[in-house]
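Scroll down for the structure; my scribbles are underneath it.
Each ligand, and each atom within it, is numbered from 1 in the order the structure gives. Numbering of residues begins at 1 and proceeds along the displayed sequence. Note: hydrogens, waters and symmetry copies are ignored here, and every other heavy atom, side chains too, is used.
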Amino acid sequence: MSEPGLTAQTVLLVEDNLDNRVIYSMVLLHAGYVVIEAVDGEEGAGRAREHHPDVILMDISIPKIDGYTATRMLKADASTAAIPIIALTAHVMDGAEQRACEAGCDAYLWKPAVPRRVLEEVRRFIGPANG
Ligand code: MN
């Protein structure tokens, strides 16, 4: 966490795969962002409402509530609607890109996404950690 009084940009990472979660989290932390983690859609939506992160990385294939549904919920809620959501999807063949857009995602990354691409996409939306 940042020092009190400093405003580090916060990323909510919703990802059920432990390896991906650890790797993406490490890269984002190393770049200076505050990272909040969630392992399913229910926890992800709850953490978004609680912490109001600057951007959300949303895996689509997650337990309890899938990423499309969690995105729709957050975009329908006035308190979280303005938070950019970057979808992480492995569903290359089934129109996942279109479904992610329809759900309200602001961008998407195909999985497996190398950590550098994840970091670049986060920066594109919210700039550097303390910028
Ligand atoms: Mn997943």
- Would you call Asp59 and Lys111 a salt bridge, using N to O less than 4.0 angstrom? yes

- Can you sort out the partners of Arg72 under side chain to side chain donor-acceptor pair (under 3.5 Å), two or more places apart, ordered by chain and number? none

- Query: Using a side-chain heavy atom cutoff under 4.5 Å and only I, L, V, M, F, W and Y, what cluster partners does Val114 have?
  - Reply: none

- Message: Can you list everything that forms a ring-ring contact (aromatic ring centres under 6.0 Å, His included) with Tyr108? Sequence neighbours excluded, please.
- Response: Trp110

- Message: Regarding Arg124 and Glu121, does a basic nitrogen lie under 4.0 Å from an acidic carboxylate oxygen?
- Response: yes

- Item | Closer than 2.8 Å to the Mn ion (ligand 1) - protein N, O or S atoms, ordered by chain and residue number | Asp16 OD1, Asp59 OD2, Ser61 O

- Are Arg49 and Asp77 close enough, and set up right, to give a side-chain contact (heavy atoms from CB on, under 4.5 Å), and what steps lead you there? CA-CA 9 Å; Arg49 288 172 175 144; Asp77 182 334; 3.0 Å; yes

